[in-house]
Amino acid sequence: MKKDADMTRYTPAEIEARWQKVWSGNDVFKAVRSADKPKYYVLEMFPYPSGRIHMGHVRNYTMGDVIARYKMATGHNVLHPMGWDAFGMPAENAAMAIGGHPKDWTYGNIADMRDQMKPLGLSIDWSREFATCDPEYYGQQQALFLDFLQAGLVYRKNAVVNWDPVDMTVLANEQVENGRGWRSGALVERRELTQWFFKISDHSEELLDALDTLENWPSKVRLMQENWIGKSRGLQFAFESINAPDGHEKIEVYTTRPDTLLGASFVGISPDHPLAKALERDNPDVAAFCTECRKGGTTEEAIETAEKLGYDTGIRVRHPFDTAHELPVYIANFILMDYGTGAIFGCPAHDQRDFEFATKYGLPIIATYLPSKEADETLTEAYVPAKTEKVFYNRGFAGSAHQTGLEAIDAAIDFCEANGIGQGVTKYRLRDWGLSRQRYWGCPIPVVHCDACGVVPEKKQNLPIELPYDVSFDVPGNPLDRHPTWRDCACPSCGKPAQRETDTMDTFVDSSWYFARFTAPRAATPTNMEDAQYWMNVDQYIGGIEHAILHLLYSRFFARAMHICGHLPASASEPFDALFTQGMVTHEIYMTRDDNDRPVYHLPEDITWTESGARLGADGPLVEVVPSAKMSKSKKNVVDPVNIISAFGADTARWFVLSDSPPERDVEWTASGAEAAFKHLSRVWNMSEKIAGMSGAGEGDEDLLRAMHACIQDVTLGVESFGFNAAIAKLYAFTATLQKSKAGAAAQREAILTLAKLMSPMTPHLSEDIWARHGQEGLITTSPWPVADEAMLVSDTITMPIQVNGKRRAEITVPADMSNEDVEKTALADAAVIRTLDGATPKKIIVVPGRIVNVVV
RNA sequence: GCCCGCGUGGUGGAAUGGUAGACACAGGAGACUUAAAAUCUCCAGGCAGAAAUGCCGUGCCGGUUCGAGUCCGGCCGCGGGUACCA
C-alpha cells in the first residue's frame, strides 16, 4: 500500500513548470500603460551575455523580482523588463580564440542565458526584451548620436590610447598586464589618436549639484561621484620664463594650494605639454626622456604608481613674488596633461609626491606652514594636515599666521588677484567621455570622412549603419579598417567617394539609455514621449556597486542629453529615483601557469581538494588558490546556478540566495545550505498539506494570529528596506511557531495562507501552489499584500534589561504602561540588582521607556 | 598612489546609540527505526565552574557617552573603482 506522504511530496520541478505556464498564459507580467494604478518601474542592471548565468545574476534578478512582485501586490502597475548588454570585447576575443563570429557567439549566448534564466520564474515582461547588438537598437543609438552631434554635445580631439607596437593595435586597459600587451608581451606605449568625445564636462556642475536630490541613492555612491567630478577652487597664474623657446615665455599653472606658493621649489610640466613637445623636437635627450615617460599603460593607477621621473630642462622661471628667486622647470612623468594646465609648481613640503621628487633630484624642501610656531622646519616627510585643521604659517603671505588651509587658500587667491598674479578659478577633475573604440563588435559611429567635406554626419534615413557580417579576426586590429567594401561609401553631402568612420562606440553608450528604450522598445524613434512620460523614471534600480561611478554617471549625463534633444522629459533628467547597490558574489580563483609562466584559470567544479591542497582533477597538478574576487568569466571563478535549480528547484535557489547574507554585502559563495533551504520549503509545503486536512477548534488562536501580524509587519518592513535576509529569518521563526501551534483549523489556515503570501515574492511557485491547494480564487501573484493589524502588534507587558554601570545584570517584566518611577522602583527591588549594588547608592538611574534601565553608581 | 566601502562564534550573518551572537549552516546529544535515510526534540561565543554565576569578547589603539558592533580620530587587513572589462 502506498503511503500518503509519497503522494503529496513537494515536487518543485513539476510545480514550477506548471505555474510558469499559467503566468505566461495569462500575460500576468505584461506591462501596459494604465491610469488605474500608480506605475512602478523596477530595473536590474542588464547582463552581459557571457553564455552562462552565475550566482551574481541570480542574486541580482531575484532581488529585483522580490521588489517587482511586492509592488504588484501593493497595487502598482509594474514594469519589469530584461535585455542584454551585448556588445563588447569578449565576443571578439572568443572569435579570435575559438573561431566563429562575434554575432553568432553573442546571440547563441543570449539564447543559452535566456533558457537558464526563465526557469527562475522572474516576473519579467519578456515582450520588451532586446539586445544592444540588435540593429533596431543600435540604429536608434546612432540617431541619438546624430542628434547629440547637432546639439553640440559631441566633438573630436586627440587622446592617448594603449598602443601595442608589435601587434600594431590599440589595447584596452584590461589587455595590458604589467605594462605589456597580453598577446604580444610587448611593452605598451601611450599614443595619441583622434577620437570622438561627449561633452560631459559641460555638465559637471549640474551633475554635481543634482547629487543632492538623489535621496534614495546610497550616500557612498553620491560621495564617489562627487569626488570623481572633483570640483576644486584654485589659482591659475603664469610663471615668466627666463630662457624658454619662443612662444613659451609664460608657463600657466593651476594649483589648489596657492597658500603654499612660497614653498615652491620647482615647476613641473607634463611630457605632453606643448613646451615639452617643443623641446622634444630639437633635443634628443628630451625626446628620449619623453619616450621613456610614454611607456606603460594609460590608467591613472599605472601613472600614479610609476616611479617618479624628472628631466631638468635647464629652463628657469621667476617666482611671481620675487623675480630674483628662480625655479627650475622639470618634465615629470606624473603630471597629467588632461587636468588643469598640464603644469604645476612643486611644493615638496606639503605634497608627498613632490617631496619624493625633490629628494630624488636634490631640490629644496621649504615649509610654508607647520603644526605650531615651535615646530621644527626640517621635514622628513611631507606635512599634509586636513584643510580644516588650524596651522601656523611660517611663510604665509595672506590672512593671519594661525589659520586653516581653507582660510589660507581663500586669502591667497584674494591676495593674488589684488596684486595681478593670476585669477581664482574653479576646475573639475571630470574629463570628457571618449567614446571611440577601434573595435568591430560595437555600434558603428554614423559619420563619413570626405576629402572635400570633412567629417559628415550620416543621413538619418540611412540608419541603421549595420555592421558587415563578412569579417575575419585572423590578424590583430579592427576588421572594419580592412573591410573591402563596407568602409567605402558615398559622401552624404557631396556624393563623392568617401570613407566610413571605422571606430565603434564604447559599450557604456549602449548601457546609458537602455532603461529609456525599455519604455517603448519597438518605437521607430529612440523613445516614445508618451511612454517615456508614463514609465520614467526607474523607481528602483538595482545593480552592482562596481558601477557606482562610470555607468551611473554616464546614464545621468545621457538622460540630460536626451532631454536636450527631445527624447526624454525634463523630469527624467535624473533617471533613477532610487538606487540599490548589491554586493558582489565572490569566489576563490584557481590558477596554474603555462609554459610561458602566464596564468591559466580553472573552474571551481574542476578543482578537487586533497590533503596536499587544491588539485586540478582528483590527482592532477596542484593549483594556486587566489583569494576571493568578483565572479568573472575571465578568471573562471564562476559557480553555475543551473545545478542547484535542477536539483532543488528555482524557489530553493531564490530563497537561499536571499536568505544568507545582507544584499548590499559581498558574499563568498558556498554551496552548503542550498539543501537546507530546500528542506525548509518542503516543511512549509508539508505543513500546508496537513493544515488543508484539518478541521475543528483548538487552543491559542490569538497567540498564533498575533505572531502572524508581527510577521506581516516585520516582513513588510524587511522587503521595503532590502532587508531580505532579516525578513526570511522572521519567516523561519513564524514557520516554527505555526508548526508548534495547537490553534484551530481556521486560524491555522489563515496563518498558512498569510505565510504563503509573505513568502510569495521569494518563492512564487511554492506560494502559488499552496494558494491553489487551499482552494483560493485566482492567483496569489495578483492577490493583495496583507496588512498588519496594529491592535495585534501591541502587548500588555514588556521585558526590560537592567544594567548596572552599563553591564546587564537582570531583567524585569513590567506592564507596558508602567510609569518611569515605578519601573525604577521595580528595577531597584530586583534581587540581582540588589546583589550587584552590594549596598552602594545609585548616583543616577536612566530609564529609556520600553527599552532599558541603567543604574549608575 | 588616489577615491569609496567592509571587518561580529567553526561558517553565513542579526542587532532605530540600549540584553551582542536573532535566524540559518556545519557540529554534538537524544527520540523514532532491526538499522539507515527522512523527520522531530534539545545543546552550543571563549575561559573558569558540578551548578548558580563570574570574567573576557564585535580587526588593533585611543576618544565621546549613563551606555559603543553602531558615533569620532589614528592604524592594520580585505574588497570595489581608477575614465578602453562589463
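In the text below, chain A, chain B and the rest are named by the order of the sequence lines, each starting its count at 1. These figures come from a predicted structure and were not determined experimentally.
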message: I'd like to know if A:Glu301 reaches the base of B:G81 with its side chain such that a donor and an acceptor end up less than 3.5 angstrom apart.
response: no
message: So A:Ser436, base contact, sugar-phosphate only, or nothing? Heavy-atom distance under 4.0 Å.
response: base
field: Distance in angstrom units between A:Arg429 CZ and B:G81 P, rounded
entry: 15 Å
- prompt: If you look at every strand shown and take non-hydrogen atoms under 4.0 Å, does A:His551 touch a base, only sugar-phosphate, or nothing?
  reply: nothing
message: In this structure, how many angstroms lie between the C1' atom of B:G18 and the CZ atom of A:Arg851, rounded?
response: 6 Å
task: Under 4.0 Å between any heavy atoms, over every strand shown, what does A:Thr305 touch: base, sugar-phosphate, or nothing? Just pick one.
output: base
field: Any A:Arg665 side-chain N or O less than 4.0 Å from OP1/OP2 of B:A14
entry: yes
Report each atom pair, protein N/O against N/O of nucleotides 65-67 of chain B, whose distance is under 3.5 angstrom.
unit_1	atom_1	unit_2	atom_2	d
B:C66	O2'	A:Asn854	ND2	3.2
B:C66	O2	A:Asn854	ND2	2.6

- prompt: Closest to the A:Leu430 side chain: B:A83, B:G13, B:G81?
  reply: B:A83
- prompt: Taking the same atom, P, in B:G46 and in B:G21, what whole-Å distance lies between them?
  reply: 14 Å
query: Looking at A:Tyr339, does the NZ or CZ of A:Lys427 lie under 6.0 angstrom from its six-membered ring centre and within 45 degrees of the ring axis?
result: no
- request: State which residues pass side chain to side chain contact (heavy atoms under 4.5 Å, CB included) with A:Pro662; sequence neighbours excluded, sorted by chain then number.
  value: A:Glu664, A:Arg665, A:Asn725
query: Hey, are A:Trp217 and A:Gln225 close enough side-chain-wise for a donor-acceptor pair under 3.5 Å?
result: no
query: In this structure, are over 12 heavy atoms from other groups packed under 6.0 Å from A:Lys157 atom NZ?
result: yes
message: Rounding to an integer number of angstrom, what distance separates B:C60 and B:C6 when you compare their C1' atoms?
response: 16 Å
- request: Would you kindly check whether a donor in the side chain of A:Gln195 faces an acceptor in the base of B:C84, or vice versa, at under 3.5 angstrom?
  value: yes
message: Strictly below 4.0 Å: does A:Arg437 bring a side-chain N or O up to OP1 or OP2 of B:C84?
response: yes
Among B:G12, B:A86, B:C84, the nucleotide that comes nearest once only the side chain of A:Asn173 is considered: B:C84
task: List in chain and number order the residues that pass side chain to side chain contact (heavy atoms under 4.5 Å, CB included) with A:Thr132, two or more places apart in sequence or in another chain; answer none if no residue qualifies.
output: A:Phe46, A:Asp85, A:Ala86, A:Phe87, A:Tyr137, A:Asp510
query: If anything within 90° of 0 is syn and all else is anti, what is B:G9?
result: syn
Nearest-Å distance once atom P is located in both B:U16 and B:A22: 15 Å
- prompt: Say you pick atom P in B:G59 and the same atom in B:A14; how far apart are they, in whole Å?
  reply: 14 Å
- prompt: Who pairs with A:Asp167 by side chain to side chain contact (heavy atoms under 4.5 Å, CB included), at least two apart in sequence or on another chain?
  reply: A:Asp164, A:Thr169, A:Arg183, A:Ser184, A:Pro476
query: Which whole-number value in Å describes the distance from A:Ile303 CD1 to B:A83 C1'?
result: 11 Å
task: Return the 5'-most residue of the pair A:Val221, A:Ile549 with respect to RNA chain B, ranking by each residue's nearest nucleotide.
output: A:Val221
message: By the 4.0 Å heavy-atom rule, please label A:Phe334 as base, sugar-phosphate, or nothing.
response: nothing
- prompt: Within the structure shown, what part of the strands sits under 4.0 Å from A:Gln352 by heavy-atom distance: base, sugar-phosphate, or nothing?
  reply: nothing
- request: Look at the side-chain N and O atoms of A:Asn725 and state whether any lies under 4.0 Å from the OP1 or OP2 oxygen of B:C23.
  value: no
- prompt: Relative to A:Trp163, does A:Arg190 satisfy both conditions: NZ or CZ under 6.0 angstrom from the six-membered ring centre, and within 45 degrees of the ring's axis?
  reply: no
Filtered N/O pairs between nucleotides 36-46 of chain B and protein, under 3.5 Å:
unit_1	atom_1	unit_2	atom_2	d
B:C40	OP1	A:Arg683	NE	3.1

task: Take the protein atom OH of A:Tyr554 and the nucleotide atom C1' of B:G81, then report the distance between them rounded to whole Å.
output: 12 Å
statement: Testing B:C85, B:C4, B:A83 for proximity to the side chain of A:Arg431, the answer is B:A83
Could you write out each protein N or O paired with an N or O of nucleotides 52-55 of chain B at a distance under 3.5 Å?
unit_1	atom_1	unit_2	atom_2	d
B:C55	OP2	A:Arg809	NH1	3.3

- request: Would you mind pulling out the nucleotide paired to B:C78, Watson-Crick or G-U wobble, both distances under 3.5 Å?
  value: B:G5
- prompt: Which part of the nucleic acid does A:Val853 contact within heavy-atom distance under 4.0 Å: base, sugar-phosphate only, or nothing?
  reply: nothing
Residue of the set A:Trp441, A:Trp105, A:Trp182 for which side chain to side chain contact (heavy atoms under 4.5 Å, CB included) holds with A:Asn93: A:Trp182
- request: Would you mind reading off the distance between A:Arg222 atom CZ and B:C4 atom P, rounded to a whole angstrom?
  value: 15 Å
Gap in Å between the two P atoms, one belonging to B:G45 and one to B:A20, rounded: 14 Å
- request: Round to the nearest Å and state the distance from A:Gln225 atom CD to B:C4 atom P.
  value: 14 Å
- request: Would you mind classifying the nucleic acid contact of A:Ala676 as base, sugar-phosphate or nothing, using non-hydrogen atoms under 4.0 angstrom?
  value: sugar-phosphate
query: Roughly how many Å is it from CD in A:Glu304 to C1' in B:C3, rounded to a whole number?
result: 11 Å
query: Quick one: is A:Thr507 getting a side-chain N or O under 4.0 Å of the B:A86 phosphate, OP1 or OP2?
result: yes
- prompt: Where the side chain of A:Glu546 is concerned, which of B:G13, B:A83, B:G80 is the nearest nucleotide?
  reply: B:G80
query: A:Gly583 near the nucleic acid: base, sugar-phosphate alone, or nothing, with a heavy-atom cut-off under 4.0 Å?
result: nothing
message: Any base atoms under 4.0 Å from A:Trp228, or only sugar-phosphate, or nothing? Heavy atoms, all strands.
response: base
task: Could you tell me the separation between the CD1 atom of A:Ile812 and the P atom of B:U19, rounded to a whole number of Å?
output: 15 Å
Sugar-phosphate, base or nothing in reach of A:Pro662, heavy atoms under 4.0 Å: sugar-phosphate
